[in-house]
There are 2 protein chains.
Amino acid sequence: MARRDGRGGKGSEMTMREVAVRAGVALSSVSRVLNNHPDVSESMRAKVLTAVSELSYEPNLIASSLRRGSTMTVGFIVADISNPLFAEFSKGAATELDLAGYTMVLANSEFKKERDAQLARLFRWRRVDGLIISLADQDHPETIAELQRLEAPIVLFDRDAPQLPQASTVTADHAGGIRRATDHLLDLGHRRIAMITGPSPLRPTQERMRGFWEAYKARNIGHPADLVRLGSFDAAFGEAAASEFLQRSSPPTAIISGSNQLLVGVLRALHRMGLRPGRDIALVSCDDVPLAELHHPPITIVHRDTIHMGKVAAELLLERIRDEDAPPRLATVRTELLVRDSTFPITV
Amino acid sequence: MARRDGRGGKGSEMTMREVAVRAGVALSSVSRVLNNHPDVSESMRAKVLTAVSELSYEPNLIASSLRRGSTMTVGFIVADISNPLFAEFSKGAATELDLAGYTMVLANSEFKKERDAQLARLFRWRRVDGLIISLADQDHPETIAELQRLEAPIVLFDRDAPQLPQASTVTADHAGGIRRATDHLLDLGHRRIAMITGPSPLRPTQERMRGFWEAYKARNIGHPADLVRLGSFDAAFGEAAASEFLQRSSPPTAIISGSNQLLVGVLRALHRMGLRPGRDIALVSCDDVPLAELHHPPITIVHRDTIHMGKVAAELLLERIRDEDAPPRLATVRTELLVRDSTFPITV
DNA sequence: TTGTATGCGTTATCAA
DNA sequence: TTGATAACGCATACAA
């Protein structure tokens with residue numbers, strides 16, 4: 001019986017049908033053996049498994065997915081996988097998903113909200129069983145709409161999206177972390193503390209500013225106006241913001257940077273101007289990276305365990321994949337202030 | 001007509017059949033319209049597209065994959081996605097694949113060769129259209145066997161595998177890079193140059209050692225024995241190797257480190273012993289990262305464009321996906337010595 | 001240009 | 001416990 005259409009590979013691919021013929025049993029029996037169905041005799045199991053190995057049969061997971069209605073894949077949409085923050089998060093998630101038999105499907109949005117929407121649609125069409133996403137823009141209506149149409153469970157990474165009440169969320173205690181960092185700087189006598197962090201509408205930014213203001217308010221200290229720069233998480237923004245701050249007539253005595261990329265920019269600005277953190281200006285950044293640990297002097301950091309966050313995201317997702325009635329949950333991982341030599345008492 | 005089996009989601013998923021009914025046309029016509037088949041009248045196209053949008057029809061890519069025999073997915077097996085080297089490479093590849101309509105499926109081998117084999121098999125079962133892999137162990141027979149059984153094209157990242165003649169390879173000019181780095185150090189008067197890099201059987205290690213010896217040989221200088229440490233690419237190994245070197249009675253005057261992770265270890269060792277690169281010892285590392293640029297002093301680096309390497313890997317793969325008769329190719333991207341302040345003339 | 005019919009490889013139902 | 005058979009949703013050969 002020749003192929004009626006253009007399909008077909010090198011022809012070496014065995015199917016269950018051929019295994020069944022070889023073993024002299026029914027197709028359905030092969031399926032039962034391979035899926036460990038309880039009702040199979042030992043002799044049947046033996047016959048089938050011999051045929052399987054004789055023919056080097058390999059299951060076709062695409063056919064299986066179509067029939068079962070589940071692909072055992074989880075989509076992961078991230079702004080930029082080359083950012084260590086996302087890379088570690090994805091590793092934590094992938095490892096955990098893997099343990100449960102799920103494979104991660106990855107796509108970079110490149111910080112473009114339209115890409116988020118596109119990719120969400122693509123993954124829906126690919127019938128992923130779940131989706132983890134770090135939205136480029138948590139209010140983008142198109143993306144929200146695409147996500148709302150998704151029947152599979154969703155986990156948001158560090159984002160607030162009230163329009164997606166069905167989504168679980170994993171975030172970090174940014175407010176607490178920045179509160180401790182700010183208190184630490186205030187304890188050291190700093191008053192003119194500059195804050196450089198990401199886009200204003202994003203959860204991490206909102207939470208950080210909350211912690212920041214709280215620290216000032218708790219001491220009844222008026223915070224100096226115009227020492228806050230919210231914009232984006234990249235190095236160029238960090239460099240520009242830091243440069244601008246440092247050229248003022250009364251510059252800040254301390255800077256808090258909101259990401260590892262911003263830190264790169266801030267350090268570039270400092271180096272360029274011949275300023276040394278820990279001596280000429282106090283510096284705190286968010287998320288520990290080798291650069292922070294091994295800088296001279298080492299940089300004080302608001303730390304969170306990003307690999308763990310990935311693991312938690314996977315857990316939240318699996319929970320809802322396994323039980324579609326499970327309510328969405330919000331998981332907040334703790335942050336920790338790693339005090340290093342870039343913060344020092346003000347000496348004026 | 002009720003479902004005969006347990007399948008089915010929330011029921012809101014439309015199929016081509018329902019679109020066909022709604023539009024009052026045949027199922028095959030719907031397919032033709034959606035696949036931009038040339039032989040479709042304007043009226044047909046209009047009818048179908050209206051029905052599609054009225055019903056919010058969404059294609060099922062799993063069914064499509066089964067029927068077409070192609071999944072439009074590419075597997076990517078990497079030791080550790082949280083390593084910036086691999087993360088940037090994967091980004092370059094994913095971006096390029098995306099342009100061609102392919103989606104990347106990611107898995108971490110965690111440097112375990114058994115995982116490589118497992119994952120290769122899983123991706124074969126998932127019917128990926130291509131595979132990019134950075135082998136943990138380029139001689140592991142089980143993994144080689146699994147890869148040989150794969151009908152889809154393969155691209156190796158920075159590995160030699162003579163047993164996989166059908167695979168394309170993307171690598172970097174490690175030999176040239178290290179040759180230039182070594183020449184640079186020799187020019188500066190260094191003679192006792194230590195080399196710390198990855199597992200001996202791996203291509204990058206082999207190539208680097210080749211460039212290293214070449215530099216010595218070209219000047220008829222005997223290289224000091226016992227100043228080479230080949231083992232693994234992680235920070236712990238780098239720290240141990242550097243510590244050992246520096247505790248000797250006649251320590252090296254320069255160190256070459258073979259990866260960003262090794263650099264972290266080497267710097268930890270130096271910092272711990274109170275030694276400053278660029279003053280107490282010369283230091284060169286491989287692959288530029290923020291830590292190298294912003295270290296005090298900045299670290300001299302053998303640079304390669306890893307995002308570009310990912311792009312090239314994707315191109316090599318797509319070439320062979322599109323034309324299965326295309327011969328496998330070897331692409332070597334250039335390396336470049338970025339001279340910074342961690343290398344200095346020996347003053348003895 | 002359009003419609004009819006078949007099969008991709010699997011799982012699940014039903015009857016034996 | 002096993003076998004026959006019908007979908008899963010789609011793309012294509014073939015007939016009209």
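Both backbone and side-chain heavy atoms feed into the values below; hydrogens, waters and symmetry mates do not. Each chain gets a letter, A, B and so on, in the order the sequences are listed, and its residues count up from 1.
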Nearest whole angstrom, please: distance from the C1' of D:dG9 to the OH of B:Tyr57. 7 Å
Quick check: on DNA chain D, is the nucleotide nearest A:Arg45 upstream (toward 5') of the one nearest A:Leu27, or the reverse? Name the residue that is more 5'. A:Arg45
Hey, are A:Arg126 and B:Thr103 close enough side-chain-wise for a donor-acceptor pair under 3.5 Å? yes
Decide whether B:Arg121 and B:Gln118 meet the rule of one side-chain donor and one side-chain acceptor closer than 3.5 Å. no
Take the protein atom NE2 of B:His37 and the nucleotide atom P of D:dT12, then report the distance between them rounded to whole Å. 9 Å
Within this structure, what is the CD1-to-P distance between A:Ile62 and D:dG9, rounded to whole angstrom? 15 Å
Would you mind reading off the distance between A:Glu42 atom CD and D:dT2 atom C1', rounded to a whole angstrom? 15 Å
Quick check: any donor-acceptor pair below 3.5 Å linking the side-chain of A:Ser28 to the base of D:dA4? yes
Is the distance from OP1 or OP2 of D:dG9 to the nearest side-chain N or O of B:Thr15 less than 4.0 Å? no
Examine the side chains of B:Glu146 and B:Thr143 and answer whether a donor and an acceptor come within less than 3.5 Å of each other. no
Considering just the side-chain nitrogens and oxygens of B:Ser41, establish if one lies under 4.0 Å of OP1 or OP2 belonging to C:dT2. yes
For a quick test of reading the model: is some side-chain N or O of A:Ser64 closer than 4.0 Å to OP1 or OP2 of C:dT11? yes
In whole angstrom, give the distance that lies between atom CG of B:Asp39 and atom P of D:dA11. 17 Å
Is the base of D:dG9 touched by the side chain of A:Arg67 through a donor-acceptor pair closer than 3.5 angstrom? no
Any side-chain N or O of B:Asn60 below 4.0 angstrom from OP1/OP2 of D:dC10? no
Whole-Å distance separating the CZ atom of A:Arg126 from the C1' atom of D:dC10: 15 Å
Salt bridge or not between B:Lys112 and B:Glu110? Use side-chain N to carboxylate O under 4.0 Å. yes
Is A:Ser29 near enough to D:dG3 that one of its side-chain N or O atoms lies under 4.0 angstrom from OP1 or OP2? yes
Using only heavy-atom distances, decide whether a donor-acceptor pair under 3.5 angstrom links the side-chain of A:Arg17 to the base of C:dG7. no
Which of parallel (below 30°), tilted (30 to 60°) and perpendicular (above 60°) describes A:Phe86 and A:Phe157? perpendicular
